[in-house]
Amino acid sequence: MATSANFKTEEAKAELIQLVSFNLDREEYGVYVLKVREIIRMSNVTRVPNTPYYVEGVINLRGKVIPIISLRKKFSLQEVENDKQTRIIVMDVDGELMGFIVDAVSEVIRISSAEIQPPPAVVNGGLEQEYLSGVINRADRLLVLLDLERVFSKAERDSLLNAAA
Amino acid sequence: MSQLCEDQELLEGFLTETTELLEKMDDDLVTLEKSPDNMELLNSIFRSIHTVKGASSFLGFELLVKITHKTEDVLNRLRKGEIQVTAEIMDVILEAVDLIKILVNDIRNGEIIERDLDSIIDKLIPYISGTFAEATVLSAPKEEAAAPETYTTDTDPPQREVTDGKTAASEPAVETSTPVSPPAPASVRPTAPKAAPARAEELSDNTTVRIDVKRLDDLMNQVGEMVLERNRILQMNIDYQTKENMVNFGDEFGKLAKRIDFVTSELQMQVLKIRMIPVEKVFKKFPRIVRNLSRDLGKEVELEIIGEETELDRSVVDEIGDPLIHLIRNSLDHGIELPDDRMAAGKPRTGRVVLSATHEGNQIIISIKDDGRGIDPEKLSRKAIEKGLVSEEQVAGMSQKEILDLIFLPGFSTKEKATDLSGRGVGMDVVRTNIRKLNGIIELRSEVGVGSEIILKLPLTLAIIQSLLVEVEHEVYSIPLAAVLETLKVENSSFHYIGGQEVLKLRESVLPLLRLQRVFGVSERAEKTAQSYIVVIGVAEKRMGLIVTRLLGQQEVAIKSLGKFLAKAPGIAGSTIMGDGRVALIIDPAGLIEMDDSGSVGSWAA
């Protein structure tokens, strides 16, 4: 993904970027608005057997069947009942649509790319966290920037694509 | 491609037309050999090659012009009656046509690769004039013309002896033909090491479709009706909102629903029909293959083709070519005996292979039948034991049919001496894999000394399928009806265990069972009952029973992909959207059987 790669190297340029922010557990996260296709309410999810634990299933998005990932499960957070705030963020991941279940979507924020700091080394060290692409520290809030294209680690992606047996 | 020709559109037109002409030519040439006096056919072949020559020279494809020109010359002499149609001439002409196909393919791929034209032109020349003077004159400037087009730096003069060991330029061209199937490797010059492995058979271009105008008109009519019904719906919605014309609203709405149902199914049929192409597209390669193969094997074989006008979806047509070639080769190589052996067995010298296609419900049935020696189950099982594919005890407990099915095991080959065409032990396995991919069914029938028949049952299309909806502990799954053989309701007490595998004794055979609830990890919710529903599925030559909670009924469903991240979910072929907007998963019978294969021993004996 070009945008995130550019990020660390071209911080100096400080371009204005827009993020969709959402809540998960007690944290606030952000994803690039350009990657977000739409935000929908929770709908009927059909479970797909023999898939990784965080794959919630598939839904019908206006005649197209797209996979749904539970970010709570992915991030090993406690599972909660879906409520009126629960949303599915439909994103473009590697050229395919994919939905991510989040607790609530709050707003679209504009920030300067200079505000993005690299994730703390402790967090960055873990293999699992390769989808954390930065942290934004704004006054009273801390926003974690996610690169959801990397929400599957390479190993996971390989195993998904080759799960034949 | 653009660097080869400036006008892209012109080039595409040329490729489409040439491909069609060449495909037809193959068929015509084989027919011509059988009826050498058919002047009309000869003229038509001549015109075709002339058209190809004209077009290639207009677009400046030098190599193509050269070879078509020579071929045309030979055909011209045949046409004038100066020489007679013989098997040898046909061999050379067919070889030339193969080379033309390879050249056309090169153009399509956008790179001109230097191919060895000389050896074939040398073979053609004796039929043109008999003077070798011309041969030398012609081949001299050729080197210059060809040189700039090759991208290899090697400038060695062409070495005919190396490229085609059997052919010396001055030899009369009556040497036996080399097998047709690998023409490219034999004719690719060593000076072009990067030359793409070209196969003349793979000429067909499926990116564009030609559609009967009438079909488009029909489609347009259907769309017109659809628009009318839409307007009606909009009107009814307005009525409903304004509470006007509310008398009979329910009735009217019911009628409208029925009409829309009717129009959409018609529309669906029309679109399907547009995607349909006659199976002839595949079948027409076979006379040529049979001719060459029988000559190479020294057998006399007559190929009869029935039902080549049968239509099926282009995606299916694309997939069945290779399996059919394998099966036909098998029939010729293993099935049909040598003429003398046939005489000794009291059969006519000439063997018969019948290739037929018919529709049956939502399936197409393709059968390849020969009157050869048949498959000896005795020999087959011995071989399987020798190869360690099965144990003697296993064979002892098998029915005749089960023994015949051993032939589909990977690594199986019964012919003592493997030829370069078949018998490498991959044939039937490849066929099975291909047919499985299409959710088809293979049946093998054989009688020793009388012949064998292989029947392929394939779905008509891969986009919309008839399916059986089943419920597994409150989850709905759809099973492609093409793979469903029957459904049963049985007492739980009639299940048995053999070596950890749950089975059901069904008539003569033992049916392995698979609990979908377990395979798909569904939590048990429904009440336990004393009876179970079983859906018997068949894929290629295998059978298996799926235990489900309830049968919901039959429905036509449109297949939707699960996307690349979930496409490999084991046992799941795709998904479909139900009437209530929910997604239901489509079961992949082939995948389920494979999962079971890897999990348990002896399940091939289904």
Side-chain angles (χ1 to χ4, degrees), chain A residues 35 37 40-71 73-74 79 88-101 131 148-165, chain B residues 264 433 436-437 463-464 469 471-478 514-523 525 546 548 557-588 590-599:
Chain A
K35 289 283 168 188
R37 284 300 180 80
I40 53 173
R41 287 171 192 280
M42 202 57 201
S43 66
N44 283 321
V45 179
T46 302
R47 198 182 63 90
V48 182
N50 305 322
T51 45
Y53 64 95
Y54 49 82
V55 176
E56 198 73 14
V58 289
I59 61 159
N60 165 18
L61 182 71
R62 293 186 303 278
K64 206 171 160 17
V65 175
I66 63 167
I68 300 298
I69 308 292
S70 161
L71 279 185
K73 286 185 184 168
K74 176 69 201 173
E79 283 175 56
I88 296 175
I89 302 184
V90 179
M91 311 230 320
D92 190 327
V93 177
D94 275 354
E96 294 223 358
L97 291 185
M98 194 179 265
F100 296 89
I101 305 177
Y131 42 80
L148 288 180
E149 295 213 352
R150 293 181 191 221
V151 72
F152 298 126
S153 64
K154 199 182 168 318
E156 278 172 328
R157 203 173 315 192
D158 285 351
S159 80
L160 267 182
L161 293 177
N162 306 311
Chain B
T264 37
T433 316
R436 270 190 175 181
K437 221 167 42 186
I464 296 178
L469 295 180
E471 190 190 305
V472 181
E473 309 281 342
H474 297 308
E475 289 188 0
V476 177
Y477 289 91
S478 147
L514 203 64
R515 287 187 180 271
L516 281 189
Q517 174 259 325
R518 210 165 290 164
V519 180
F520 291 158
V522 191
S523 49
R525 266 179 280 189
L546 305 177
V548 300
V557 299
I559 300 181
K560 307 264 176 185
S561 147
L562 282 177
K564 67 179 173 193
F565 291 106
L566 298 179
K568 294 282 174 69
I572 302 295
S575 61
T576 187
I577 294 166
M578 311 301 297
D580 61 0
R582 277 172 166 267
V583 180
L585 298 177
I586 300 172
I587 286 172
D588 170 21
L592 277 183
I593 286 184
E594 226 159 78
M595 276 163 81
D596 193 59
D597 269 4
S598 47

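Chain identifiers are assigned alphabetically (A, B, ...) following the order of the sequence lines, protein sequences preceding nucleic acid strands; residue numbering begins at 1 within each chain.
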> Could you go step by step and tell me if B/Ile586 and B/Ile572 meet the side chain to side chain contact (heavy atoms under 4.5 Å, CB included) rule?
Replying inline: CA-CA 6 Å; B/Ile586 300 172; B/Ile572 302 295; 6.0 Å; no
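- Note on A/Pro67, A/Gly57, A/Ser43: by heavy-atom pairs under 4.5 Å with chain B, the leading option is A/Pro67.
- A side chain to side chain contact (heavy atoms under 4.5 Å, CB included) with B/Ile587 is found for one member of B/Val519, B/Val472, B/Leu516 and no other, namely B/Leu516.
- At most 12 heavy atoms of other shown residues, nucleotides or ligands fall within 6.0 angstrom of atom CZ in B/Arg582.
- Contact annotation for B/Ser561: only backbone heavy atoms (N, CA, C, O) come within less than 4.5 Å of a heavy atom of chain A.
- Within the 4.5 angstrom heavy-atom criterion, only side-chain atoms of B/Ile577, from C-beta onward, approach chain A.
- For the residue pair A/Val65 and B/Lys560, the shortest heavy atom distance occurs at CG2-CB, 3.7 Å.
- Contacts between B/Val522 and chain A at a heavy-atom distance below 4.5 Å involve backbone atoms as well as side-chain atoms.
- For chain B, the nearby part of A/Asn44 is the side chain; its heavy atoms alone come within less than 4.5 Å.
- Of all the listed residues (B/Asp580, B/Leu585, B/Val583), the one sharing the greatest number of non-hydrogen pairs under 4.5 Å with chain A is B/Val583.
- Put simply, the side chain of A/Ile66 does not reach to within 4.5 Å of the side chain of A/Val58, judged on heavy atoms.
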